[in-house]
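The chains referred to below are lettered A, B, ... by the order of the sequence lines, with proteins before strands, and numbering in each begins at 1.
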Amino acid sequence: MSSPALSVRSAHIVLDGHVVAENLSLEFPGGRTTCLLGRSGVGKTSLLRHLAGLLPGTAPAGPVAYMAQRDLLLPWLSVLDNVRLGHRLRGDAAARHAAGPRARALLAEVGLGHHLDALPQTLSGGMRQRAALARTLCEDRQIVLMDEPFGHLDAVTRFDLQDLAARLLRGRTVVMVTHDPLEALRLGHEIRILSGTPFVPGPVIAPSGAVPRDPADPELLALQARLIGELRTGG
Amino acid sequence: MSSPALSVRSAHIVLDGHVVAENLSLEFPGGRTTCLLGRSGVGKTSLLRHLAGLLPGTAPAGPVAYMAQRDLLLPWLSVLDNVRLGHRLRGDAAARHAAGPRARALLAEVGLGHHLDALPQTLSGGMRQRAALARTLCEDRQIVLMDEPFGHLDAVTRFDLQDLAARLLRGRTVVMVTHDPLEALRLGHEIRILSGTPFVPGPVIAPSGAVPRDPADPELLALQARLIGELRTGG
Amino acid sequence: MRPLVTALGLLAGWELLVWLARLPPYILPPPSRVAVVLMERRALLLEQAAWTGAEMMLGLALGLLLGAALAVLFAASAGWRRWALPLVIVSQAIPVIAVAPLLVLWLGYGMASKVAMAALVIFFPVVSSLYDGLRRTDPGWLELARTMDASPRAVLLQIRLPAALPAFASGARIAAAVAPIGAVIGEWVGASAGLGFLMTQSLARGQTPLAFAALFVLCLLGLALYVATDRLARRLVPWQPIQGD
Amino acid sequence: MRPLVTALGLLAGWELLVWLARLPPYILPPPSRVAVVLMERRALLLEQAAWTGAEMMLGLALGLLLGAALAVLFAASAGWRRWALPLVIVSQAIPVIAVAPLLVLWLGYGMASKVAMAALVIFFPVVSSLYDGLRRTDPGWLELARTMDASPRAVLLQIRLPAALPAFASGARIAAAVAPIGAVIGEWVGASAGLGFLMTQSLARGQTPLAFAALFVLCLLGLALYVATDRLARRLVPWQPIQGD
Amino acid sequence: QEKVRILLDWFVNPDHAALVIAKQRGLFDKQGLDVELIAPADPNAPPKLVAAGQADYALSYQPTLQMLAAEGLPLVRVGVLVAQPLNSLVALEDSAVKTIADFKGRKIGFSVSGFEEAVLGAMLESAGLTLKDVTLVNVNFALTTALMSKQVDGVIGAFRNFELNDLELNKAKGRIWLVEKHGVPAYDELVILAKRETVDPARTKKLLAALAEATAWLTANPAEAWASFSKYGKDLDNDLNRMAWKDTVPLLSADPAALDRARYSTFAEFLVKRGLIKQAPPLDSYLREIR
Ligand SMILES: Nc1ncnc2c1ncn2[C@@H]1O[C@H](COP(=O)(O)OP(=O)(O)OP(=O)(O)O)[C@@H](O)[C@H]1O
Ligand SMILES: Nc1ncnc2c1ncn2[C@@H]1O[C@H](COP(=O)(O)OP(=O)(O)OP(=O)(O)O)[C@@H](O)[C@H]1O
Ligand SMILES: [Mg+2]
Ligand SMILES: [Mg+2]
């Protein structure tokens, strides 16, 4: 099964009268990871919500896994149950049960193997984000939309989890919002910079090489400078 | 008036039975910025809360401005009123009124000059964080504690606001939690890495030169690699 | 338009119930018969409705005020909580017949004693809900306020109170819905007047249709008050999204 | 220990009130006199309290159940909301004297009609609070659930309902506090037993101290039920920090 | 003009004919009294409020007065409006209950007056039954409704001038047993009470005189009196009141100042015997004849 491409055609994104995007057309290639960069408030989250079918009048292109900017853990569920929330919500007891080992494995990989039964409020900010990441990955969807998924993580954990995400999301259609140009360069098959009000997407930037790329690669460092430059002038 | 040093002496930090730090002694020099690094869940936030006097049995060393990991904007107040919340809470109408121009100026500097009367829920994640930053800076305190203050900002905005913070917080005692080693190196007079459970602070790392430092400085890049290395082994 | 359809539907349901259960008119008169009485006795009904309506509004106003004040007091002071909270809870267990003479003694036979009794019924949901809301403030906000050296008073009035407004709205809705029965209970105190009095009298004297006409007017008053309160309550919390309508 | 001090303090306040306002014992008997009656008639009081206590507990249980079920229905279905919500609101305006004959006709003079009447009073705060809570779910959670293809049913039961438990707890507290008066109102319907009946009868016979002894027992029952409900309600929402005690 | 506040026993009804007519025809004014009639919703409250000084006079019932006096309330009877019992036991004519004895094993409804058990007990005993042979059900004010809907087989506390008419209006016929004919001593149904310490004989005398004059006039002109009465308050002009008026007028006491002490001592003994009061209070403590 190959993951579908996502496309936005002549879309208008308007929030309470604020025009975020006008007549927007945009393609996200199937089976690949697209990283969205852009100044704060430009409309990255809004675009992601548009893709997820969460804005009025929109529908998702297919089943999606959506990781929002907030972790949205349910305070009354244990970490484990939060991670298999999708199965709880959709499924019968069997499906939920079957999701258990997968959820446990994912939690172990994000470093929360010892906190399966903890309630979210006993976790640190980064631990909560990791739980939310595990929940998103546990969904096992062909389309994955992630909004700043590693923002609360230290450099090392972030590096490891980028690897994990790249590995588990290989072959899926991923749209990821990030503020870290280097992260975009490590993980993105394509990178798009959004700029302006209403925003317009910049040209596709496609670094060479397989993801996850080595951040020490001089090509990437050069591109990073270019990205920051574009962010500066665009914003 | 010189800003006081902060010191922690033989402190125990225990949260609901989880020992975060034991017999902890730590100094934060007065009038300088100390950046805290550490793996996710190591106890950075807890240490900051200890310094802010927010943990049971603790008291702050003096009046502090505290910026938490969440933005904690009040949904019923406009952005402007959120920024001068401290004055609203402490003061008579006169104090609040006097804080107006200062709050406006700060909001303009963080790029929210056109959103003074907006309610927080109409802001993007990064805009909310900027409002929270403006609120913290508006407090004008000698001791400033900040927990991942730039985590939701794009690279360019982040760079600009680092400059802003460095300028406005010059001469104050600042403790800042961050996940970005380069940010720590740009802004910190001193850098401490926390590691282990219960955590112990690593040795003081003090890069040369005045803050904010130039991130392209080769010394900083070398130190960055060292920090990441220490984070990896410590965590 | 839609509320009208609902209203007609419910009236049809009532007629059907009477018909299917073969209820005699002295137990539950059909709406058709009540409608006739409603028309014939409209002057009397209107006059009594004015009384009861006034009691309801005054009772609700007093109840909201008193309830809010007490909730804030309880949130502010452990002393008040300790001494007055049990009294407030216990006050809800007191039937009107036990305190009616006391109220008349203090407030006379006029409207004051009726409104006081009505307010006693109405204020409780407000105290309880608002006090509950005041105890559930986001701890993050409270910590923020603490680092800002806010006085407990400022925290209460500027953070905990606005944060508890949804809870207050919730309590106000309940209060509005019980306001009619509060007023009817109040009418047991002092001199006879109002829809509750009219109902008691007509029921005791076999004029069930008139009693139900009075009840119908009372329900209309109640619905109107509820809808008005609901509208206002929403305005109170514009920042909170409400699902489902 | 502290509650005991509070209780004694409040009793002293009552005695003082009687003394200062020079209230005659047939209007408000002093606690000293009520205490004597309480001792002398303890067998009678206990027996009646058992009745009323049973009505209260059954009424509360039924009210909580019915209230929760209706709130969930209203949150789930626009149809129910449209047709039954006005009925539920209006039901609060109906005085017991109007429906008593109807209830008796359907449920007889036994305990059922009393419990039904009590439940009618008790269930409303629960419906109203819980329904309010169900409408105020964090939109972020709902969006998350939507991307997870959750059925409306699953969203309701697994997200909106747990998220609304604090609101339910709030409603349950109010319900517990009005349960005693609910039971007394229920006793209006064909009771020849219970504390409410005892009160009516002793007031008619001029035995005010006995009436107040019954009222005192009723208040104790009410307080006990409230405290128990409050405890349970807290357990229901262990993840929510409560300030102030 | 001297202000006088009178608390009725309940909502205005034909039992209060003398008071209403005296007010409407200016008979109180003539005596120099400015009378205010206050109708409460709770029949228990008026005597207490008078005892507490919140009104000058209250209407109540002889059994109630005697129980209150036994409880130590400082009340005295100064006059009477209806000098015979109105209370009665009623069953539907087409039911199986033909005699009091037929109530064995059946349900009897009552509305709490405080002395229903005493009255009913005596009546049942007059037919060889006891209270244990019937089930007592508190139906509150819904006496006729309970009877007509066959929820109970009989009701005690029905007023002969009202409930029978109420039944008739609802196309049912009642069978009635008068309490004073079945083992209960006769008593004054509706009496006027005042506070013992502050009762003002001169004023009371004027009040009673006005009432006597009103009663005389309305007995002589019942139709005209009804026309006047029915306009007195809200909602008095209805079929039930019209029928009750006819039955009530002959029952009104022509001499409101009259006092039959024997009646009180007999009934006090009755109350003691039925266990409603422990000890009969001295008659003079709660009876005052004012001529
Ligand atoms: N209420 C609590 N009960 C038990 N353990 C807690 C509680 N709160 C926090 N902890 C634990 O304390 C540890 C330190 O948390 P803290 O929030 O200080 O971490 P942190 O260094 O700020 O992490 P991050 O970078 O992810 O924000 C974590 O392991 C967390 O699980
Ligand atoms: N409810 C709303 N009403 C009006 N404007 C809104 C509303 N929600 C968002 N906006 C505006 O839409 C714009 C885009 O917001 P969005 O959250 O998509 O930004 P973003 O690119 O994700 O920013 P960030 O990096 O800070 O998260 C912002 O300027 C914001 O002010
Ligand atoms: Mg965003
Ligand atoms: Mg932290």
Side-chain angles (χ1 to χ4, degrees), chain C residues 2 6-7 9-10 23 26-28 75 78 81-83 86-87 89-90 92-95 97-98 101-102 105 124-125 128-129 132-137 139 142 166-167 169-170 173-174 177-178 180-181 184-185 196 199-200 203 211-212 215 218-219 221-223 226 240-245, chain D residues 2 6-7 9-10 23 27-28 75 78 81-83 86-87 89-90 92-95 97-98 101-102 105 124-125 128-129 132-137 139 142 166-167 169-171 173-174 177-178 180-181 184-185 196 199-200 203 211-212 215 218-219 221-223 226 240-245:
Chain C
R2 285 195 77 183
T6 305
L10 293 177
L23 292 171
Y26 52 83
I27 297 246
L28 180 66
R81 203 152 60 222
R82 185 170 165 205
W83 294 101
L87 275 184
I89 294 164
V90 152
Q92 293 309 296
I94 299 179
I97 49 161
L102 202 61
L105 205 63
F124 185 71
S128 190
S129 297
D132 252 29
L134 289 170
R135 292 194 299 172
R136 288 194 315 230
T137 321
L142 296 180
S170 216
R173 266 186 210 104
I174 304 179
V178 300
I181 205 71
V184 166
I185 286 179
M199 249 179 281
T200 320
L203 282 171
F212 275 79
L215 180 55
L218 185 69
C219 287
L221 281 180
L223 264 182
Y226 182 87
Q240 237 208 5
I242 288 195
Q243 290 110 31
D245 43 14
Chain D
R2 285 195 79 186
T6 306
L10 293 178
L23 292 170
I27 298 259
L28 180 66
R81 202 151 60 224
R82 186 170 164 206
W83 294 103
L87 274 184
I89 294 165
V90 152
Q92 293 310 296
I94 298 179
I97 48 161
L102 207 58
L105 199 65
F124 185 70
S128 190
S129 296
D132 253 30
L134 288 171
R135 293 194 298 172
R136 287 192 317 228
T137 321
L142 296 180
S170 215
R173 266 187 209 103
I174 303 179
V178 301
I181 204 73
V184 166
I185 286 178
M199 250 181 279
T200 318
L203 285 170
F212 275 79
L215 180 55
L218 185 70
C219 288
L221 281 180
L223 263 182
Y226 182 87
Q240 237 207 8
I242 288 194
Q243 288 111 31
D245 40 17

- Of the backbone (N, CA, C, O) and the side chain (C-beta and beyond), which part of D/Leu102 lies under 4.5 Å from a heavy atom of chain C, both, or neither? both
- Contacting moiety of D/Leu105, where chain C heavy atoms sit under 4.5 Å: side chain
Between [X] and chain D, with a heavy-atom cut-off of 4.5 Å, which part of the residue counts as in contact: side chain, backbone, both or neither?
{"X": "C/Val90", "result": "both"}
{"X": "C/Ala211", "result": "neither"}
{"X": "C/Leu10", "result": "both"}
{"X": "C/Leu221", "result": "neither"}
{"X": "C/Phe212", "result": "side chain"}

- Query: Say you draw a straight line from SG of D/Cys219 to CD1 of C/Ile89; how long is it, rounded to the nearest 0.5 Å?
  - Reply: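 Atom-to-atom, D/Cys219:SG and C/Ile89:CD1 are 11.0 Å apart.
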Among the listed options [options], the residue most often paired with chain C at heavy-atom distances under 4.5 Å:
{"options": "D/Pro101, D/Gly196, D/Ala177", "result": "D/Ala177"}
{"options": "D/Ala78, D/Pro95, D/Ala75", "result": "D/Pro95"}
{"options": "D/Leu223, D/Ile181, D/Leu134", "result": "D/Ile181"}
{"options": "D/Ile97, D/Leu28, D/Val178, D/Leu87", "result": "D/Ile97"}

- Task: Mark yes or no for whether D/Ser170, through its side chain, and D/Pro166, through its backbone, hold a donor-acceptor pair below 3.5 Å.
- Result: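 Not confirmed, D/Ser170 side chain does not pair with D/Pro166 backbone.
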- Query: For C/Thr137, does its backbone N or O pair with a side-chain atom of D/Gln243 as donor and acceptor, under 3.5 Å?
  - Reply: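 Between the backbone of C/Thr137 and the side chain of D/Gln243 there is a qualifying donor-acceptor contact (under 3.5 Å).
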Please find the pair of heavy atoms, one from [X] and one from [Y], that lie closest to each other, and give the distance.
{"X": "C/Arg173", "Y": "C/Tyr226", "value": "O-CE1, 3.5 Å"}
{"X": "D/Ser128", "Y": "C/Ile174", "value": "OG-CG1, 3.5 Å"}
{"X": "D/Pro180", "Y": "C/Ala93", "value": "CB-CB, 3.6 Å"}
{"X": "D/Pro139", "Y": "C/Pro241", "value": "CG-CG, 3.5 Å"}

- Item | Any side-chain donor near an acceptor of the partner, C/Arg82 and D/Thr6, under 3.5 Å | yes
